[in-house]
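What follows is one structure encoded as structure tokens, with my remarks underneath.
In what follows, every heavy atom counts, from backbone to side chain, and hydrogens, waters and symmetry copies are set aside. These numbers were taken from a predicted model, which means no experiment stands behind them.
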Amino acid sequence: MFLDKTIKRNEKLVKAAFELHQKGLIYPDTYILDLDTLLDNARKIKKEADKYGIELYYMTKQIGRNPIAAKEIEAIGYKGAVVVDFKEAMTLKENNIKLGHVGHLVQIPKALIKEILSSKPDIITVYSFEKAKEISQQAEKLGMVQDIMLRVLGDNDSLYPGQYGGFYLKDLEKEVKALLTLPNINITGITSFPCFLYDEEAEKILPTENIKTLHKAKEIIEEKFHIRLTQINTPSATSTVNMKEIAAQGGTHGEPGHALTGTTPYHAYKDGEEIPCLVYVSEVSHNLKGDSYCYGGGHYRRSHMENALVGKSFMNSKKVKAEAPSLESIDYHFTLKDNTEVGDTVVMAFRTQIFVTRSSVAVVKGIESGTPEILGIFDSQGTKIK
């Protein structure tokens, strides 16, 4: 999906991938993260966000909850990390990373609420009165008041399977009235997902129906309860090109994820401000009939994997059609639609969510200067391997 764009816009990363693998410094099933380019992307996004008064939480799940990258992005001035589940919250907490937004897309389990609250996250998204009550009870024990954000839903909203939950507009007035009886929490925000998506036909990022739901929810909460919402959080497709539209739609906060690595659907078709800075490296394992097979482990079902470069160096590589196995099968190998040499390097670039793979992540600096240096190799959950 992103191979041609990465070759065009970050050829040195592709060259470094061949070099590091051929030297035996990284193994198959490793993502290489070009840290310098990632941070340049983060600065570009923040500069544009500052222009429109948009606050940013950054995502780490796409890059394997990596603590090196997280600390560097935080140093740029991002408000904190958005952690999509409690495991990510604990990983970043253990690495002394500021927790910004917790609870969206996965609610905090009861047994971990107190520990996560002790990290003083900016805001927690809740899907139900029951979860808000658990947070209130633990906040009271800690002698604190926790800001919460409501995930709101409309009948025609875009929702992804596995991500259902929240307060329907038709029930919102009743639910807010109940929530206001809970001590030690403040309702300060609302959110939905996805608020923006890239439209291939229009060739641009467009607001979804979810934005209209946010507008209606804001009106109900502010007018009926006289609550001033300080956070209208509008995640998905948060990138330099979309910052103006976030502001125009009344958003106050964004959450760049794939934009940090230059790998949103927009970047697959357009040369955005952000430069692609993530590649997947494997190795040819064997040949069978007319195909080759390289080591797998990094498959994500929405990867749109298409092609791979195969060879001992970038200059002597060839582009080969690549295929992931069916969703019913484990990705022990990826298929390369040609016979290639066993031991050759395989470089791919596709959409990923590293945290759901079993891959490694090599954080590399100095690629742009031609002196790549591995700062650390981590597993897909952000734990350092070496």
Could you pull out all residues at least two apart from Tyr269 that satisfy ring pair (Phe, Tyr, Trp, His ring centres under 6.0 Å)?
Tyr198
Looking only at the side chains, is there a donor atom on one of Ser326 and Glu328 sitting less than 3.5 Å from an acceptor on the other?
yes
Taking atom types as modelled, find out whether Gln353 and Lys61 have a side-chain donor-acceptor pair closer than 3.5 angstrom.
yes
Among side-chain atoms of Asn10 and Asp34, is any donor-acceptor pair under 3.5 angstrom?
yes
Check ring pair (Phe, Tyr, Trp, His ring centres under 6.0 Å) between Phe334 and all other residues, then give those that pass, not counting sequence neighbours.
Tyr280
4.5 Å side-chain heavy-atom contact, Pro265 and Arg351:
yes
Quick one: side chains of residues 160-186, donor-acceptor pairs under 3.5 Å with protein atoms, not counting sequence neighbours, listed by atom name and distance.
unit_1 : atom_1 : unit_2 : atom_2 : d
Thr181 : OG1    : Ala178 : O      : 2.6
Asn184 : ND2    : Met144 : O      : 2.9

Give me the other members of the hydrophobic cluster that Val14 sits in, counting Ile, Leu, Val, Met, Phe, Trp and Tyr linked by side-chain heavy atoms under 4.5 Å, directly or via other members.
Leu3, Ile7, Leu13, Phe18, Leu20, Leu25, Ile26, Ile32, Val279, Val281, Leu309, Phe314, Met315, Val347, Val364, Ile367, Ile374, Ile377, Ile385
Which side-chain N or O atoms in residues 47-56 pair as donor and acceptor under 3.5 Å with protein atoms at least two apart or in another chain?
unit_1 : atom_1 : unit_2 : atom_2 : d
Asp50  : OD1    : Lys46  : NZ     : 3.3
Asp50  : OD2    : Lys46  : NZ     : 2.9

No-hydrogen, no-angle side-chain donor-acceptor test under 3.5 Å, Ser239 and Asn242:
no
Enumerate the salt bridge (Lys or Arg N to Asp or Glu O under 4.0 Å) contacts for residues 243-265, please, sequence neighbours excluded, ordered by first and then second residue.
none
Co-members of Tyr27 in a cluster of I, L, V, M, F, W and Y side chains, linked at under 4.5 Å:
none
What's in the same ILVMFWY side-chain cluster as Tyr293, cut-off under 4.5 Å, chained through other members?
Leu288
Does one hydrophobic cluster hold both Tyr58 and Ile123, with members joined at side-chain heavy-atom distances below 4.5 Å?
no
Residues forming a ring pair (Phe, Tyr, Trp, His ring centres under 6.0 Å) with His253, sequence neighbours excluded:
Tyr57
Can you list every pair that meets salt bridge (Lys or Arg N to Asp or Glu O under 4.0 Å) and has a residue in residues 292-307, with sequence neighbours left out?
none
Pairs of donor and acceptor atoms involving the side chains of residues 107-116, under 3.5 Å and at least two apart or interchain, shall be tabulated with distances.
unit_1 : atom_1 : unit_2 : atom_2 : d
Gln107 : OE1    : Tyr127 : N      : 2.9
Gln107 : NE2    : Gly103 : O      : 3.0
Gln107 : NE2    : Thr125 : O      : 3.0

Minimum-distance pair of heavy atoms, taken over all atoms of Ser158 and Asn210:
N-OD1, 2.8 Å
Check each of Leu375, Leu278, Ile354 against Leu33 using the side chain to side chain contact (heavy atoms under 4.5 Å, CB included) test, and report the only one that passes.
Leu278
What pairs with His258 under ring pair (Phe, Tyr, Trp, His ring centres under 6.0 Å), at least two apart in sequence or on another chain?
none
